[in-house]
Amino acid sequence: MSNKTIPLTDALRAYLLDVSLRETDVQRRLREETARLPESTMQIAPEQGQFMALLVRLMRAEKALEVGVFTGYSALTVALALPPTGQIVACDISEAYTAVARRYWEEAGVAHKIDLRIGPAVETLDYLLEHGHARTFDFAFIDADKPSYDAYYERALQLLRPGGLMALDNTLRGGRVIDERAQDDSTRAIRALNEKLHADDRIDLSLVPIADGLTLALKR
Ligand code: SAM
Ligand code: CA
């Protein structure tokens, strides 16, 4: 028994996956292909994907935003949880990574739900804001370059409807948030954003210790 979050050993995580992970064949194969890349750890954990999919279903989201697509696992997982008429605007700068993503989205039959925008995500979000998409998104997932998280947060918050949910990834930074020697731009940006969100009365907040830390910000 514990009244605090217990440390998740590798063995306990393996058990958790054993008794709860539900993935389609396409999701599993995308994970296996991505695992062969040197940057494979950029992909979200599958149990985190399943959690986000559950949130998307719980709130009956129809319109989603993703910042940071990589090989497409999180977008695939959210797309599978959206209704047939659902849409994700997915932002990335890499044609190479997202070429992998497109293959699996096609295979899973969700490509028509995913509007991939290649380019710096701040520009894409500003474009959406200038073209009538403010307050129209139900769900947003932020998982790209950490120094820009605050810029993504501010823009995504405007794009969400009241009651819309933002999930921000890697907010524990592998534990580096509490290591004073870690002064890289990414860790400093995440620390500053964590502190800002704590005091931000525009949102309800929970920092969920799943995977590398997933902050949930519910727009008031
Ligand atoms: N959510 C993905 C998944 O589940 O596999 C992982 C995303 S990965 C951590 C971060 C992605 O952000 C990379 O694919 C990278 O190309 C993209 N990225 C980096 N800087 C960006 C920028 N300025 N605008 C848009 N995407 C960017
Ligand atoms: Ca991530």
Side-chain angles (χ1 to χ4, degrees), residues 21 23-24 26-56 64-82 88-105 108 110 113-129 139-156 159 166-177 184-187 189-190 193-194 207-217:
L21 185 63
E23 267 185 327
T24 63
V26 181
Q27 284 173 298
R28 183 182 49 75
R29 282 189 287 106
L30 170 53
R31 216 154 44 75
E32 288 169 356
E33 178 168 342
T34 304
R36 294 195 286 274
L37 299 175
E39 319 83 321
S40 62
T41 56
M42 295 212 301
Q43 186 171 67
I44 60 162
E47 66 273 30
Q48 174 186 343
Q50 188 168 318
F51 176 59
M52 290 177 7
L54 186 146
L55 295 175
V56 163
L65 175 70
E66 175 164 287
V67 178
V69 175
F70 187 41
T71 57
Y73 187 89
S74 48
L76 170 60
T77 304
V78 168
L80 289 168
L82 290 173
I88 308 180
V89 177
C91 311
D92 206 287
I93 43 172
S94 169
E95 290 281 3
Y97 291 149
T98 56
V100 178
R102 286 180 202 269
R103 268 199 281 124
Y104 285 91
W105 297 342
V110 297
K113 295 185 187 176
I114 305 175
D115 176 2
L116 178 63
R117 310 274 179 111
I118 299 293
V122 165
E123 290 177 18
T124 304
L125 302 185
D126 282 342
Y127 180 90
L128 292 170
L129 284 167
F139 179 78
F141 179 48
I142 310 299
D143 189 19
D145 52 315
K146 309 312 169 208
S148 302
Y149 261 39
D150 188 44
Y152 300 145
Y153 172 71
E154 287 299 333
R155 286 161 178 78
L159 288 165
M166 191 180 333
L168 300 111
D169 201 27
N170 306 103
T171 48
L172 294 176
R173 293 276 305 154
R176 288 193 293 287
V177 282
D184 58 283
D185 289 350
S186 295
T187 303
I190 293 291
L193 187 64
N194 284 343
L207 200 173
V208 183
I210 189 171
D212 195 27
L214 183 69
T215 292
L216 299 181

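When a ligand or atom number is given, it counts from 1 through the structure's own listing order.
Near Tyr152, meaning under 4.0 Å from one of its heavy atoms, ligand 1 places the atoms 22 (C), 23 (N), 24 (N). Distances below 4.0 Å separate heavy atoms of Pro120 from the following atoms of ligand 1: 24 (N). Listed by number with element, the atoms of ligand 1 under 4.0 angstrom from any heavy atom of Gln43 are 3 (C), 5 (O). Near Gly119, the atoms of ligand 1 lying under 4.0 angstrom from a non-hydrogen atom of the residue are 24 (N), 25 (C).
Looking only at heavy atoms of the protein, atom 19 (C) of ligand 1 is closest to Ile93 CD1, 3.8 Å. Looking only at heavy atoms of the protein, atom 4 (O) of ligand 1 is closest to Ser74 OG, 3.0 Å. Among protein heavy atoms, the minimum distance from atom 10 (C) of ligand 1 is reached at Asp143 O, 3.2 Å. The protein heavy-atom contact nearest to atom 24 (N) of ligand 1 is Ala121 N, 2.9 Å.
At a 4.0 Å heavy-atom cut-off, ligand 1 touches Tyr97 through the side chain alone. Within the 4.0 Å heavy-atom criterion, the part of Val69 lying near ligand 1 is the backbone and not the side chain.
Vertex the Ca ion (ligand 2); arms to Asp169 atom OD2 and Asp143 atom OD2; angle 80° (nearest 10°).
Of the candidates Ile142, Asp92, Asp145, Asp92 brings a heavy atom nearest to atom 11 (C) of ligand 1.
Of the possible donor and acceptor atoms, none in the side chain of Thr98 sits under 3.5 Å from a partner among the backbone N and O of Ala101.
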